[in-house]
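Below, read A as the first sequence line, B as the second, and so on, with proteins coming before strands; counting in each chain starts at 1. In this text the structure is predicted, and so the values were computed from the model without any measurement.
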Number of protein chains: 2
Amino acid sequence: MKIDHDSPADLSAQIASAIREAIIEGRLIVDERLPSEAELAEHFEVSRPTVREALKRLAAQSLIRTQRGATGGAFVNRLSYEAAQTQQITTSTLLLSMNAVSFETACEARFSLERACAPLSAQRRTADHLAAMRAEIHRQGQPGLTDEAFCASDVTFHRALVDGARNPVISYQLAGAVEAMQPLMNMITFTARDRARIIALHEQIADALEAQDAEATAKGLSALETETQDLARDVFAARAVKG
Amino acid sequence: MKIDHDSPADLSAQIASAIREAIIEGRLIVDERLPSEAELAEHFEVSRPTVREALKRLAAQSLIRTQRGATGGAFVNRLSYEAAQTQQITTSTLLLSMNAVSFETACEARFSLERACAPLSAQRRTADHLAAMRAEIHRQGQPGLTDEAFCASDVTFHRALVDGARNPVISYQLAGAVEAMQPLMNMITFTARDRARIIALHEQIADALEAQDAEATAKGLSALETETQDLARDVFAARAVKG
DNA sequence: GCAGATTTAATGTCAGACAATTAGATTTGC
DNA sequence: GCAAATCTAATTGTCTGACATTAAATCTGC
């Protein structure tokens with residue numbers, strides 16, 4: 001593992017890449033302890049602060065964790081589904097907001113991918129998943145619920161649907177698609193009538209899952225997509241008129 | 001934007017979080033220049049190395065970039081689809097390898113999500129997407145192709161299929177699911193007969209897309225999933241017997 | 001033996017310095 | 001006057017050396 005001191009690239013970036021490669025290729029395994037900062041500094045022939053910057057880069061990606069104390073040091077992290085999801089949600093959210101992705105495009109992506117879960121979720125969902133969905137439907141019907149809370153409940157409902165597929169890889173991949181929509185949804189004001197229509201479709205979807213009817217689930221999701229797209233179109237059109 | 005000097009958490013982690021929040025909430029916008037390291041150090045009442053560690057954390061997530069020189073500094077990055085995809089592929093790959101995700105689970109996730117693209121891709125794919133897929137099919141038929149190259153070509157084929165949906169959000173979300181399978185596929189040895197069957201299914205899928213037949217595309221993908229799962233089962237069973 | 005004090009090895013933080021880079025201002029040559 | 005060369009200032013990149021903090025291991029007294 002060597003770096004190029006004459007390269008124009010930052011030494012800390014090079015060191016981070018070298019260690020990252022070692023982790024990805026399995027030369028460093030989970031829970032293995034890296035050499036101490038002083039030893040790494042000596043190995044790469046750089047100062048300790050430079051090594052530290054490299055380690056912080058890796059820590060930001062959850063590739064390593066550090067512990068202080070006598071037996072401390074930097075250890076290769078087991079990348080958990082939870083940590084990966086958190087990162088993915090942050091990245092997806094930023095990607096959508098910074099690239100001015102249209103509501104239409106994001107919505108299409110989200111519902112397309114969610115429909116992919118319908119067959120699995122209809123087959124495998126547990127009573128717990130159904131109960132979680134019913135609970136969110138109930139919450140969504142509460143009067144006085146803010147638009148933001150309504151959207152948050154919507155996200156929870158859909159994540160329960162996705163988790164119903166009981167495939168952690170799918171749950172991970174879809175976390176970004178579902179959660180990143182929330183800021184976009186938050187731009188919409190929901191009238192009581194809008195909410196009623198959405199809740200009715202949520203009920204339809206929950207019923208279909210309870211009956212383990214994959215086709216009806218997919219249909220419900222498609223209807224919800226159409227409803228959401230129409231709603232957004234109206235809201236944005238009204239806003240454009242107002243100025 | 002303040003931090004807690006008495007918190008047990010690293011100061012550099014706190015500073016990174018504070019700036020990250022500011023970016024996510026839009027208080028710092030794309031291409032905006034952050035204060036210089038010296039100014040940040042003064043503001044947060046920490047030393048420059050500590051600020052630098054925080055900035056390197058953000059740089060590792062592609063949230064900022066730094067420039068040297070008179071008008072240099074740290075700038076908020078526009079998170080590009082490309083950078084986001086690269087990160088997602090790294091994370092997905094590590095997630096699968098470190099958590100010993102079964103071939104079955106990963107394969108199910110990948111094909112479920114890919115089937116979600118079938119309707120859109122059948123409708124919108126361009127001649128370019130078809131050409132890319134045909135080219136990969138041709139490559140896959142070449143004698144003397146290593147297993148690794150065969151798998152890489154497989155990934156390219158499927159990414160062309162996904163890109164055919166012409167929805168960048170979908171392409172981004174699925175990049176991880178498709179690419180992260182490659183290391184798992186690389187564990188399989190493909191006989192000539194295996195390859196022939198896979199190529200035939202690829203042709204079937206390409207034909208369906210050319211005919212803009214969504215249902216046939218989905219069917220082709222399902223058949224390919226079954227084929228892949230069977231193949232993997234055989235390989236792993238044979239390996240288990242051998243020891 | 002065991003509780004508490006001590007040692008030790010590691011990360012976390014700091015201060016100050018110098019090197020390298022780059023844009024812009026200034027000077028110089030004609 | 002204008003273009004090229006030079007200087008200047010601002011900023012990041014890196015280094016050195018030190019001290020603070022943490023936590024496990026070891027020693028000590030009883």
Side-chain angles (χ1 to χ4, degrees), chain A residues 1-20 23 28 30-77, chain B residues 1-20 22-23 28 31-77:
Chain A
M1 230 166 31
K2 286 274 179 275
I3 58 171
D4 176 10
H5 280 254
D6 298 326
S7 153
D10 290 4
L11 295 178
S12 70
Q14 288 184 59
I15 294 169
S17 291
I19 299 176
R20 189 182 300 114
I23 294 175
L28 289 170
V30 168
D31 291 334
E32 185 171 342
R33 182 180 176 283
L34 274 67
S36 73
E37 294 175 354
E39 287 166 339
L40 286 171
E42 194 177 358
H43 173 80
F44 288 114
E45 299 178 308
V46 298
S47 67
R48 226 188 106 206
T50 302
V51 167
R52 282 181 61 78
E53 286 177 12
L55 294 180
K56 295 312 159 202
R57 294 175 117 109
L58 298 174
Q61 296 181 304
S62 307
L63 292 183
I64 62 168
R65 62 181 181 280
T66 54
Q67 268 176 13
R68 296 174 71 165
T71 59
F75 298 84
V76 178
N77 237 345
Chain B
M1 237 172 18
K2 285 274 177 272
I3 59 171
D4 175 11
H5 280 253
D6 298 326
S7 154
D10 289 5
L11 295 177
S12 69
Q14 289 184 58
I15 293 169
S17 291
I19 297 175
R20 188 182 300 114
I23 293 174
L28 290 170
D31 290 335
E32 184 171 344
R33 182 180 175 282
L34 273 68
S36 72
E37 293 175 356
E39 286 165 341
L40 286 171
E42 193 176 3
H43 172 80
F44 288 115
E45 298 178 312
V46 298
S47 67
R48 227 190 104 204
T50 302
V51 167
R52 281 182 62 79
E53 286 180 11
L55 294 179
K56 294 312 158 202
R57 294 176 116 108
L58 298 174
Q61 297 180 301
S62 306
L63 293 183
I64 62 168
R65 63 181 181 278
T66 53
Q67 270 175 10
R68 296 174 73 164
T71 58
F75 298 83
V76 178
N77 237 345

When you measure from every atom of DNA chain C, which of residues 30-39 of chain A have a heavy atom less than 4.0 Å away? R33(A), S36(A), E37(A)
Between K56(B) (NZ) and dT13(C) (P), how many Å, whole number? 17 Å
Over how many whole Å does the gap from E53(B) atom CD to dC15(D) atom P extend? 14 Å
On a heavy-atom basis, the closest approach of A60(B) and A60(A) is CB-CB, 4.1 Å
If you compare all heavy atoms of R33(B) against all heavy atoms of G72(B), which two are closest, and at what distance to 0.1 Å? NE-O, 2.8 Å
Under 4.0 Å between a side-chain N or O of R52(A) and OP1 or OP2 of dT11(C)? no
Salt bridge present between R65(B) and D31(B) (N-O < 4.0 angstrom): yes
Can you pull every protein N or O that's under 3.5 Å from an N or O on nucleotides 14-18 of chain C?
| unit_1 | atom_1 | unit_2 | atom_2 | d |
| --- | --- | --- | --- | --- |
| dC14(C) | OP2 | S47(B) | N | 2.9 |
| dC14(C) | OP2 | S47(B) | OG | 3.2 |
| dC14(C) | OP2 | T50(B) | OG1 | 2.8 |

Between dG12(C) atom C1' and R57(B) atom CZ, what is the distance in whole Å? 11 Å
State the CG-CD1 distance between L55(B) and I15(B), to the nearest 0.5 angstrom. 8.5 Å
In whole Å, I'd like the distance from the CD atom of E42(A) to the P atom of dA10(C). 13 Å
Do you know which two heavy atoms are closest between S62(A) and N77(A), and how far apart they sit? O-CB, 3.2 Å
Tabulated below should be each protein N or O lying under 3.5 Å from an N or O of nucleotides 19-23 of chain C; please produce it.
| unit_1 | atom_1 | unit_2 | atom_2 | d |
| --- | --- | --- | --- | --- |
| dA20(C) | O4' | R68(B) | NH2 | 3.2 |
| dA20(C) | N3 | R68(B) | NH2 | 3.2 |
| dT21(C) | O2 | G69(B) | N | 3.4 |
| dT22(C) | O2 | A70(B) | N | 2.8 |

CD1-CD1 distance between I64(A) and I19(A), expressed to the nearest 0.5 angstrom: 7.0 Å
Nearest-Å distance for atom pair CG/C1', residues L40(A) and dA10(C): 12 Å
Take atom CG of D6(B) and atom P of dG12(C), then tell me their distance rounded to the nearest Å. 18 Å
Please determine whether the number of non-hydrogen atoms from other residues, nucleotides or ligands lying under 6.0 Å from atom CD of E32(B) exceeds 12. yes
S7(B) and A9(B): which non-hydrogen atoms are nearest, and at how many Å? OG-N, 2.9 Å
Picking from R52(A), R57(A), R48(A), what satisfies salt bridge (Lys or Arg N to Asp or Glu O under 4.0 Å) with E53(B)? R52(A)
Kindly give the heavy-atom pair with the smallest separation between H5(B) and E45(B), and that separation in Å. CE1-O, 2.8 Å
Rounded to whole angstrom units, what separation is found between the CG atom of D10(A) and the P atom of dT11(D)? 18 Å
Closest heavy-atom pair and its distance - L11(A), D4(A): CD2-O, 4.1 Å
